[in-house]
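Worksheet: one structure, shown below.
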Amino acid sequence: MAMALAIEAHNLTRVYRGSRKRPEVRAVDGVDLEVEQGEVVGLLGPNGAGKTTMVRLLACLLRPTAGTARVAGCDIGGEAGEVRAACGVSMEAPGLYERLTARAYLTFFARLYGLPEDTVAGRVKEQLEAAALWERRDDLLASFSKGMRQKMNVARALVHRPRVVFLDEPTSGLDVEAAAAVRDHILAMSQNADTAFLICTHNLPEAERLCGRIAVMNQGRVVATGPPEELKRQLFGERIFRVRLRRVLAEHGEAVASAPGVVQVEMDEDCLVVHITAQPEEVNPEIVRRLVAAGAEVVSVAGEARSLEEVYLRLVHGDAPPEGGGG
């Protein structure tokens, strides 16, 4: 059974007109993107790639030049009010009402979103507790640190339990424990409340931990989408293993290089770095057998995972996108 789509964009485009001094800018250029209900998707890309403009279009803060999109089942062209009511938006630089207390601030936005009065206090407490700020509920926001302000920014976006949430660098400025708490809260909402998240971030380890799927933008286009592990496999093909030895000799590398499925062998101080294209269980026993036959003492065999940073850099710096991975 197919999952309901929380975001469905087709050929979404935003062009800023040029002038005699400045050329036309296609900030978002024909983007197709789908996000399922309950899915957490990371939107990655360099500065100027179009990520923020994309979010502003989907949240009905900008009008598209061309293309269509539906968010939470509503058309961004003809049902902008319904889209805004169904979404939560948290940008990286929070603009808080500093003369309000934390509780008054969230209460104001809960009522602004039209929550029933008998649910407002409970929702406000829920978000302040999730942000570990309940003890500071009656303190003015002017007294909050940068990290506390960021947590309030996220809490404001989530207080009405929206169906779709757009977050820009949600853990920026947070310490390790606070960032982990925000991640846990996001995952709990995606799983328990079926909320979809589109998260813009430059924090690639964070995206890999948090997002089931990523979309990489570059020059206004989505150049690849997919789960991080799938993009690694499609982009790089081979897997890497480090075979640690008591002593590394040239004949050990030669013995491994001719094994089926091995495409490259590099010699390190105390190990061989082996690149393979086949499944590890098909190749590793043969590698070990050949090393033992060549007189090597094998200490360990460990896989070396490709990083999301490697995927990102390859996509952004002009290499071809993976087959079937276009946005």
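The figures that follow rest on heavy atoms only: side chains count, while hydrogens, waters and symmetry mates do not. Being a predicted model, the structure only gives us computed values, none of them experimental. Residue indices begin at 1 and follow the sequence shown.
Between the Arg163 side chain and the Ala86 main chain, no donor and acceptor come within less than 3.5 Å of each other. With hydrogens and angles ignored, the 3.5 Å screen pairs a side-chain donor or acceptor of Ser145 with a backbone N or O of Met148. Here the side chain of Arg137 pairs no donor or acceptor atom with the backbone of Leu128 at under 3.5 angstrom. At distances below 3.5 Å, at least one donor-acceptor pair connects side-chain atoms of His160 with backbone N or O atoms of Cys87. Put simply, the side chain of Thr119 gets close to the backbone of Pro116: a donor and an acceptor are under 3.5 Å apart. Checking side-chain atoms of Ser190 against main-chain N and O of Val40 turns up no donor-acceptor pair under 3.5 Å. The backbone N or O of Gly50 sits nowhere less than 3.5 Å from a side-chain atom of Thr53 that would complete a donor-acceptor pair. Formation of a donor-acceptor pair under 3.5 Å by the Lys51 side chain with backbone atoms of Pro46 is found in this model.
When hydrophobic clusters are built by joining Ile, Leu, Val, Met, Phe, Trp and Tyr residues whose side-chain heavy atoms come closer than 4.5 Å, directly or via intermediates, Phe108 is grouped together with Val120. Hydrophobic clustering (ILVMFWY, side-chain heavy atoms < 4.5 Å, transitive): Leu174 and Phe197 are in one cluster. Note on Val154 and Leu198: separate hydrophobic clusters, where clusters join Ile, Leu, Val, Met, Phe, Trp and Tyr whose side-chain heavy atoms are under 4.5 Å apart, directly or indirectly. Cluster annotation: Val15 is not connected to Val55 through the hydrophobic network of ILVMFWY side chains, with a link wherever side-chain heavy atoms come within less than 4.5 Å. Clustering ILVMFWY residues whenever any of their side-chain heavy atoms sit less than 4.5 angstrom apart, transitively, puts Met91 in the very cluster that holds Ile7.
By the 4.5 Å heavy-atom criterion applied to side chains, Ile214 and Leu231 are counted as neighbours. Looking only at side-chain heavy atoms (C-beta outward), Met189 and Leu158 come within less than 4.5 Å of each other. Annotation: side chain of His275 is in contact with side chain of Glu266 (closest heavy-atom distance under 4.5 Å). Counting only heavy atoms from C-beta outward, the side chains of Thr52 and Asp168 approach each other to under 4.5 Å. Taking the side chain as every heavy atom from C-beta outward, Val222 and Val216 never approach each other to under 4.5 Å.
At least one cation-pi condition fails for Arg103 and Tyr105: the charged atom is not both under 6.0 angstrom from the six-membered ring centre and inside a 45 degree cone around its axis. Note that Arg156 lies in the cation-pi zone of Phe109, set by a 6.0 Å cut-off to the ring centre and a 45° limit from the axis.
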**Study point:** Chi angles and distances behind the side-chain contact (heavy atoms from CB on, under 4.5 Å) call for Glu229, Glu208
**Key:** CA-CA 9 Å; Glu229 290 303 319; Glu208 192 158 16; 3.9 Å; yes

Practice item. Could you go through the salt bridge (Lys or Arg N to Asp or Glu O under 4.0 Å) check for Arg213 and Glu39 one step at a time? Key: CA-CA 8 Å; Arg213 192 160 57 93; Glu39 189 177 19; 2.7 Å; yes

Point to revise | Test side-chain contact (heavy atoms from CB on, under 4.5 Å) applied to Leu133 and Met152, step by step | key: CA-CA 9 Å; Leu133 291 173; Met152 284 298 300; 3.8 Å; yes

Exercise for review: For side-chain contact (heavy atoms from CB on, under 4.5 Å), just list the numbers for Val164 and Thr195, CA-CA rounded to whole Å, side-chain angles, deciding distance to a tenth of an Å, and then say yes or no.
Suggested key: CA-CA 6 Å; Val164 180; Thr195 302; over 6 Å; no

Review point. Yes or no on salt bridge (Lys or Arg N to Asp or Glu O under 4.0 Å) for Arg289 and Glu286, after CA distance, side-chain angles and deciding distance?
Key: CA-CA 5 Å; Arg289 188 192 67 78; Glu286 178 62 15; 2.7 Å; yes

Exercise for review: Under the salt bridge (Lys or Arg N to Asp or Glu O under 4.0 Å) rule, what do Arg111 and Glu117 come out as? Steps first, then yes or no, please.
Suggested key: CA-CA 7 Å; Arg111 289 171 174 160; Glu117 190 61 32; 2.7 Å; yes

Practice item. Give the C-alpha distance, both sets of side-chain angles, the deciding distance and a yes or no for side-chain contact (heavy atoms from CB on, under 4.5 Å) between Val243 and Val298. Key: CA-CA 7 Å; Val243 184; Val298 179; 4.2 Å; yes

Practice item. Start with the C-alpha gap between Glu254 and Arg290, add the side-chain angles, then the distance that decides, and say whether salt bridge (Lys or Arg N to Asp or Glu O under 4.0 Å) holds. Key: CA-CA 10 Å; Glu254 293 169 1; Arg290 289 180 177 232; over 6 Å; no

**Study point:** Audit row: His202, Asn47, side-chain hydrogen bond (donor to acceptor under 3.5 Å, both in side chains) steps and yes/no
**Key:** CA-CA 9 Å; His202 290 103; Asn47 292 332; 3.3 Å; yes

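Few gaps surround CD on Glu129; more than 12 heavy atoms of other groups in view lie less than 6.0 Å from it. By the 6.0 Å contact criterion, CD on Glu24 is enclosed, its count of non-hydrogen atoms from other residues, nucleotides or ligands being greater than 12. Heavy atoms of other residues, nucleotides or ligands lying less than 6.0 angstrom from OH of Tyr97 number 12 at most. Open room surrounds CD on Gln219; 12 or fewer heavy atoms of other groups in view lie less than 6.0 Å from it.
With hydrogens and angles left out, the side-chain atoms of Ser90 and Asn153 include a donor and acceptor closer than 3.5 Å.
Expressed to the nearest 0.5 Å, how far CE of Met217 lies from CE of Met54 amounts to 6.0 Å. Summarising the geometry, atom CG belonging to Leu12 is positioned 5.0 Å from atom CD1 belonging to Ile76; distances are rounded to the nearest 0.5 Å. To the nearest 0.5 Å, atoms NE2 (His252) and CG (Leu291) are separated by 7.0 Å. Note that CG of Leu249 is 9.5 Å distant from CG of Leu272, once rounded to the nearest 0.5 Å. A distance of 7.0 Å separates CG of Leu96 from CD of Glu98, quoted to the nearest 0.5 Å. To the nearest 0.5 angstrom, Cys211 atom SG is 8.0 Å from Glu206 atom CD.
The heavy-atom pair separating Leu141 from Ala102 by the smallest distance is CD2-CA, 3.8 Å. Contact record, Leu57 with Arg14: CD1-CB, 3.8 Å, taken as the closest heavy-atom pair. The minimum heavy-atom distance between Ala27 and Tyr16, with the atom names listed, is CB-CE1, 3.6 Å. The shortest heavy-atom contact between Asn11 and Gly30 is OD1-CA, 3.3 Å. Closest approach of Tyr113 and Ala85 over heavy atoms only: CD2-O, 4.3 Å. The two residues Val31 and Gly220 have their closest heavy-atom pair at CG2-O, 3.4 Å.
Scored by the salt bridge (Lys or Arg N to Asp or Glu O under 4.0 Å) test, Arg242 finds Asp268, Glu304 as partners (sequence neighbours excluded).
Applying side chain to side chain contact (heavy atoms under 4.5 Å, CB included) to Ile199 and the options Val41, Leu44, Ile186, Leu43 leaves one that passes, Ile186. Tested against Val265, the residues Val256, Ile287, Val273, Ile276 include a single side chain to side chain contact (heavy atoms under 4.5 Å, CB included) partner, Val256.
Pairs engaging residues 55-78 under the side chain to side chain donor-acceptor pair (under 3.5 Å) rule: none recorded [sequence neighbours left out].
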